[in-house]
A.B. asks: 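Pasting a structure below so you can have a look.
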Amino acid sequence: MGDKTKTKADSLSMLINNDNVVGHIFAAPFIFGFICFSFIPICMSLYYAFTDYSLGNKVAVFVGLKNFLMLFKDEVFLKSISKTLQYVLIAVPLKLTFALLVAFLLTRKSRMVTFYRSLYYVPSLVGGSVAVALVWKQLFARKGLFNSVLMDLGLKKINWFGSEALAIYPLILMAVWQFGSSMIIFAAGLKEIPTTYYEASEIDGANGFQRFFKITLPCLSPIILYNLVMQTISAFMTFTQAFIITGGGPNNSTMLYALNVYNQAFKYNNMGYACAMSWVMLIVMSLITLVIFRTSKFWVFSESEG
Amino acid sequence: MKKKLVGIMMAATMIVGSLAGCGSQTDSTTANDAQTKDVAEASTKEETAATEDKADDTNSDEPITLRMAWWGSQDRHDKTIAAIELYESLNPNVTIEYEYYSFDDYFTKLKTLVASDEVWDVFQLGGNFPMYLDKIYPLDEFIATGVVDVSKISEANLKTTRETDGTQLGLTNGINTYGIAYDPAIFEEAGAAIPTDDWTWEDYQKAADTITEKLGIFGSSTFLTSDFIAGCSTYIGQQGDLGQYSFFNLDLTGMGFDNPQMLAPFIQMRADMIKKGSYPDAGASAEVTNIENDFLVTGEAAMTWVAVNQFPTIYNVCAEQGRELALAPLPKVVAGGNSGTLIQSSQMLCVSQDSEHKEAAAAFISWFENDVDCNNILQAERGIPANENVREALSASSTKGQQIMYNYVDSVSKNPTPKEYNVLSPDGQDQVQDNYLNYIQQVASGEITAEEAAEKTYADAQAIFK
């Protein structure tokens, strides 16, 4: 009897000390979280996309492709697509340009560099928060800081959030302002470029511009690709700014896609329709990412091929 | 291979274990409940030996936990919590677990609770209650047994929270109606005509335009989403004979009027006012987030739309600035025509179908609406109390702003009203409302005409019923 418990205890400790088992035990909380809070909801949303489900309903009636067909007749949906594209196409390139520029400036060997890098990173830390969005709303309000500066300069004040054409730009500016995380990645990439390239080019008589465009950009292109993909995806999912600052107005000119999905799901109580919209967004985003990857072979430089 | 299998099994058991962990919690509480029940029964048995008929009463000493939720402003949260604490001190066996939210969050939460059959024992519902009918446990049986006391609530007030078939769904938290709050001093300064009891939308527009021209401020502050109530529900009801038209029909199965163009003049007026600057555009409107920072309160507008329970609050704020606000009825389509203003329930408290203590929940609701001490704490913040005694007690100690509100509601309740009317909103109205507000902006920017906007709004509303 005693022997048996001993062997049992032995085999148990063997089992627990086994590397794979330990790994799985430590991964279990994540696996559990992923399955319960991501995987199952994702699968269910795919099912709900084909139903008329709404929060609070216990039965979801299967309606086939109706939700998807309705999308193309929905004025707000079409407007939200074009506005989201406008947002992404302006915000992402601007943000990456700024990130690269600042990262480039901060490669100089100076003691203050780390300090500045942290400083520029701060907006990204607080960026997604509601508080910053509220500050932004006040800055661009009719009597906000920007307008008082304009008035002090003797210019006319601008009704930022009252104008359909202008309302989206404060939101874009807010996204651009949060270039910190791309900047850090660019900075790391810049460090990886061998200094010998620059030395050689200097001997050949290349100026600063030539060095930047002929050496820095090509060597950095894999990192640009990474940043481009990540930022495009996150720009498509922008929600907080539109929700807090403008609520989608005026006349839906800042109705970003994610906000529209939220409205349909929780405000108008059309969960099935909102699920369909989310899946359309997934397809659109995958396509765009695919296009970026396909075109990458024309502009991304990899040393192994070169 | 074996290792992997073991690993997966371990992971699986962990997941199952934690799931079981979640599950067992409820098990243990039910076990606890059962235990306390046993104890209670045991003590009942002992007592029944002494007094035979007291079984029911000992039952009421059993600890009861009621869950309750509401939406509202911070002011309402503070007052309601104070009232709940008073109830708990009077009924030591009752514990009330409360949750409070903003309007939107409240309904998001409610919808998830409806889906999981766990709606709070006592919950607050407004004019959108038809969506939640399945979850409301009617009060009729408790009124019959006397648990819920309606002796001091008039028939008309009870009717505000009754189904068309006569089922009493809940008790109203307060009677409410709409009005226009304004600052007479600004009107005088600009030389605009002061609102009368019989003013029209034309007068309203003229006054607003004059104020904007003379003083450079907004004539009228934003009505926010209530512009839908003003331009659709009220404006339609004001046309034709009394009770001839309403936006939705009485049983919420279709439209209550046939000609979309009946909406057009209001839309045109609104768009003109936005263009002129006498009504805030979308950007300015977005700066107003609640009644306390409305442009009327900040002095940037001369009048605004209020649900009258909001009036005392802004009256007090403006009084601190040395301004005195007044309350005017809603403008009409034609002078001497229908007022279109109806007395309605601001919200009601209901007992939920999912409740395990329906009777205790109903008893709480009855106390909440009828008790004078409780309502002295609540201060009619949810609307004017339906109970006569409570109203008397409150008006005896009322502030000037509250006095104006009481007088206004009294005068509105004397207006001729249609025999039957319905102020409820069908599921889907939010989307119609948002689109309508967008169409007004499109008219203001010249994208579409008011007639097209009217057609589109009508089509949107009709689409709810398809």
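Letters go in sequence order (proteins before strands), and every chain restarts at 1.
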A.B. asks: So with a 6.0 Å cut-off around CG of A/Asp152, is the heavy-atom count from everything else above 12?
C.D. replies: yes
A.B. asks: Which one of B/Met131, B/Glu300, B/Gln429 has the most heavy-atom pairs closer than 4.5 Å to chain A?
C.D. replies: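 Top count of heavy-atom pairs under 4.5 Å with chain A: B/Glu300.
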A.B. asks: Between B/Ser445 and chain A, with a heavy-atom cut-off of 4.5 Å, which part of the residue counts as in contact: side chain, backbone, both or neither?
C.D. replies: side chain
A.B. asks: Does anything in residues 65-84 of chain A reach chain B? List residues with heavy atoms under 4.5 Å apart, or say none.
C.D. replies: A/Glu75, A/Val76
A.B. asks: Select one option (side chain, backbone, both, neither) describing which atoms of B/Asn435 are under 4.5 Å from chain A's heavy atoms.
C.D. replies: side chain
A.B. asks: Let's test your reading of the structure: which of B/Gln431, B/Gln441, B/Glu447 forms the most heavy-atom pairs below 4.5 Å with chain A?
C.D. replies: B/Gln431
A.B. asks: Quick check: are there more than 12 heavy atoms from other residues, nucleotides or ligands sitting under 6.0 Å from CZ of B/Phe103?
C.D. replies: yes
A.B. asks: Residues two or more places apart in sequence or in another chain: which of them pass side-chain contact (heavy atoms from CB on, under 4.5 Å) with B/Ser285?
C.D. replies: B/Thr222, B/Pro280
A.B. asks: Can you tell me if NZ on A/Lys143 sees more than 12 non-hydrogen neighbours from other groups inside 6.0 Å?
C.D. replies: no
A.B. asks: So, taking the atom named OG in A/Ser163 and the one named CG in B/Asp281, what distance separates them when rounded to the nearest 0.5 Å?
C.D. replies: 9.0 Å
A.B. asks: Anything in residues 135-142 of chain A with a heavy-atom distance to chain B below 4.5 Å? Please list those residues in order.
C.D. replies: A/Lys137, A/Ala141, A/Arg142
A.B. asks: Heavy-atom pairs under 4.5 Å with chain A: which of B/Asp434, B/Ile274, B/Ile440 has the most?
C.D. replies: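 Of the options given, most contacts go to B/Asp434.
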A.B. asks: Atom CG of A/Leu55 and atom OG1 of B/Thr108: how far apart are they, to the nearest 0.5 Å?
C.D. replies: 7.5 Å
A.B. asks: Need one label for A/Asn251: side chain, backbone, both or neither, based on atoms under 4.5 Å from any heavy atom in chain B.
C.D. replies: both
A.B. asks: What residues of residues 256-275 of chain A sit under 4.5 Å from chain B when only non-hydrogen atoms are counted?
C.D. replies: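 Only A/Gln264, A/Phe266, A/Lys267, A/Tyr268, A/Asn269, A/Asn270 of residues 256-275 of chain A have a heavy atom under 4.5 Å from chain B.
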